[in-house]
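Being a predicted model, the structure only gives us computed values, none of them experimental. Index from 1, following the sequence.
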Amino acid sequence: WNGLSLAPVTGSTRWLSAGRFRQAENAVRLYKELKPLRPGLVRLEGIYRVLVEDTPANRKALTQRNIRWVAHR
């Protein structure tokens, strides 16, 4: 789908939501920008969310890119 494929996630990983979009294309654009951080893409209630694993390094990387994030539980 749009050049993306799904991969399974295991364990009790905590996630940060780096963006939420109604348009899939916008979510894909952010996903591709964050690819070095190994992002995830989910669709909940018609909203696409771009997630990254909640680690100190990822928090720092998002902040350096001026991307606001919230904890996704």
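Put simply, CD on Gln64 and CZ on Arg59 are 14.5 Å apart, with the number rounded to the nearest 0.5 Å. To the nearest 0.5 angstrom, Asp54 atom CG is 9.5 Å from Leu62 atom CG. Between atom CD of residue Glu45 and atom CZ of residue Arg20 there is a gap of 9.5 Å, rounded to the nearest 0.5 Å. Here the CZ atom belonging to Arg68 is positioned 11.0 Å from the OG1 atom belonging to Thr63, to the nearest 0.5 angstrom. Leu51 contributes atom CG, which lies 13.5 Å from atom CZ of Arg38 (distance to the nearest 0.5 angstrom). The distance from atom CD1 of Ile67 to atom OG of Ser17, rounded to the nearest 0.5 Å, is 11.0 Å.
Leu34 and Ala18 make their closest contact through CD1-CB, 3.8 Å (heavy atoms, listed as atom of the first residue, atom of the second, distance). The minimum heavy-atom distance between Ala27 and Phe21, with the atom names listed, is CA-CD1, 3.5 Å. The minimum heavy-atom distance between Leu37 and Ala61, with the atom names listed, is CD2-CB, 3.8 Å. Closest approach of Pro39 to Tyr31, counting heavy atoms only: O-CE1, 3.4 Å.
Put simply, the side chain of Leu41 does not reach to within 4.5 Å of the side chain of Arg49, judged on heavy atoms. At least one side-chain heavy atom of Arg65 sits under 4.5 Å from a side-chain heavy atom of Glu33.
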Next item on the list: Could you walk me through whether Val28 and Glu25 pass the side-chain contact (heavy atoms from CB on, under 4.5 Å) test, one step at a time?
Entry: CA-CA 5 Å; Val28 169; Glu25 295 79 19; 5.7 Å; no
Item checked: Derivation of the side-chain contact (heavy atoms from CB on, under 4.5 Å) call for Trp69 and Val52 -> CA-CA 9 Å; Trp69 51 265; Val52 295; over 6 Å; no
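Leu30 and Val70 are not part of a single hydrophobic cluster, where members link through side-chain heavy atoms under 4.5 Å apart.
At least one donor-acceptor pair closer than 3.5 Å links the side chain of Asn58 to the backbone N or O of Glu53.
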